[in-house]
Amino acid sequence: MGQEESHNEEMDLARIHELCVIFMKECPSGALHLHEFKKIFGVPSSSVEESLFIETIFNSFDTNKDNTLDFLEYVAALHLILRGNLEDRLKWSFKMYDSDGNGRLDRTEVKRLVRILYKIKLHKTHISMTPSQICDRIFQLVDQNNDGEITLLEFMEGAQKDEWVMDLLKLDVNATGWVIQNCGRLESAT
C-alpha cells in the first residue's frame with residue numbers, strides 16, 4: 001500500500017509539474033485569465049452550467065481579486081484539486097458556496113450552487129429531488145442551531161456525518177478528471 005501511495009503522489013507531482021509548464025506556455029505574462037482557465041479545464045463555451053461552475057472555481061482561487069490567477073494562485077489551485085485533503089477541500093467548497101464572503105451560508109447561496117451542480121451532474125444520478133428540496137435537506141441535516149445559516153463548523157461537521165451531504169457539499173464534479181483529461185490535449189496543442 002505504501003508503494004501505491006508513493007506512486008500516486010509521484011504521478012500527482014508529475015501532473016502538477018506538467019500543468020505548471022502549460023501555465024508558463026499559455027500565460028507568459030504570468031497572469032491566467034478566466035477564458036484561459038476555462039480552456040485549461042476544457043469547459044465548452046456552450047455549457048452554461050459548467051461555465052458558471054468554473055467561474056466560481058476561478059473566483060475562489062483569485063485570492064487578491066484582480067480577475068486573474070498568478071502563478072502562486074494557480075499552483076495552490078492545482079495542489080488543492082489534485083492533492084488536497086478532505087478538510088482543505090471542504091473549506092474550499094464552503095468558500096465557493098459563500099458568495100458574499102460573510103462566513104455563513106444562507107439558503108440563497110446554497111441553492112445557487114445546488115442548481116448549477118444539479119444541471120451538471122445531479123440530474124444524471126438517482127436523486128429524485130429538486131434543487132429546492134436538496135437545499136432544504138442540506139439545511140435540515142447541517143444547520144445544527146436552526147438559525148437559517150450554516151457556519152464553516154456546521155458545514156464541516158455536517159459533511160463528515162452524512163455521506164449524502166458530503167457528496168453534495170464537497171463539490172466534486174471531477175475537477176481532477178478535467179485537469180488530467182485536458183492536460184494532454186493542451187500539451188499537444190502547444
Is there a continuous path of hydrophobic side-chain contacts, each under 4.5 Å between heavy atoms, that joins [X] to [Y]?
{"X": "L141", "Y": "L153", "answer": "no"}
{"X": "L86", "Y": "L80", "answer": "yes"}
{"X": "L69", "Y": "L72", "answer": "no"}
{"X": "V21", "Y": "F37", "answer": "no"}

- Given I150 and Y97, is the side-chain contact (heavy atoms from CB on, under 4.5 Å) satisfied, shown in steps? CA-CA 10 Å; I150 298 172; Y97 277 101; over 6 Å; no
Report yes or no: does [X] contribute a side-chain atom to a donor-acceptor pair with the main-chain N or O of [Y] at less than 3.5 Å?
{"X": "D70", "Y": "Y74", "result": "no"}
{"X": "E157", "Y": "E154", "result": "no"}
{"X": "E149", "Y": "L105", "result": "no"}
{"X": "E55", "Y": "L34", "result": "no"}
{"X": "E36", "Y": "C27", "result": "no"}

What I'd like to find out is whether the side chain of [X] reaches to under 4.5 Å of the side chain of [Y], using heavy atoms alone.
{"X": "N102", "Y": "D98", "result": "yes"}
{"X": "K111", "Y": "I138", "result": "no"}
{"X": "E73", "Y": "L32", "result": "no"}
{"X": "I57", "Y": "M96", "result": "yes"}

- Query: Any idea how F94 and F155 line up, ring-wise: parallel (<30°), tilted (30 to 60°), or perpendicular (>60°)?
  - Reply: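 The arrangement is perpendicular - the two ring planes meet at more than 60°.
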What distance do [X] atom [atom1] and [Y] atom [atom2] have between them, rounded to the nearest 0.5 Å?
{"X": "Q144", "Y": "T151", "atom1": "CD", "atom2": "OG1", "value": "7.0 Å"}
{"X": "L90", "Y": "W92", "atom1": "CG", "atom2": "CH2", "value": "10.5 Å"}
{"X": "I54", "Y": "I116", "atom1": "CD1", "atom2": "CD1", "value": "11.5 Å"}
{"X": "K38", "Y": "H33", "atom1": "NZ", "atom2": "NE2", "value": "14.0 Å"}
{"X": "N67", "Y": "N59", "atom1": "CG", "atom2": "CG", "value": "7.0 Å"}
{"X": "N146", "Y": "Q140", "atom1": "CG", "atom2": "CD", "value": "9.0 Å"}

- V48 vs F53, side-chain contact (heavy atoms from CB on, under 4.5 Å): CA-CA, chis, key distance, verdict: CA-CA 9 Å; V48 175; F53 187 69; over 6 Å; no
Quick one: closest heavy-atom pair of [X] and [Y], and the distance?
{"X": "T68", "Y": "F58", "result": "CA-CZ, 3.8 Å"}
{"X": "A159", "Y": "V165", "result": "CA-CG1, 4.0 Å"}
{"X": "V110", "Y": "C135", "result": "CG1-SG, 3.9 Å"}

- Do R137 and S132 have side-chain N/O donor and acceptor atoms under 3.5 Å apart?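 Checked: R137/S132 side chains show no N/O donor-acceptor pair below 3.5 Å.
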- Message: Tell me whether D136 is salt-bridged to R107, with the criterion being a basic N under 4.0 Å from an acidic carboxylate O.
- Response: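 A salt bridge is present here (some side-chain N lies under 4.0 Å from a carboxylate O).
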- Message: With side-chain contact (heavy atoms from CB on, under 4.5 Å) as the criterion, how do E109 and V114 come out once you've worked through the C-alpha distance, each side chain's angles and the decisive distance to 0.1 Å?
- Response: CA-CA 9 Å; E109 290 170 316; V114 166; over 6 Å; no
- Query: Hey, mind stepping through N64 and D62 against side-chain contact (heavy atoms from CB on, under 4.5 Å) and telling me if it holds?
  - Reply: CA-CA 6 Å; N64 62 2; D62 181 16; 2.9 Å; yes
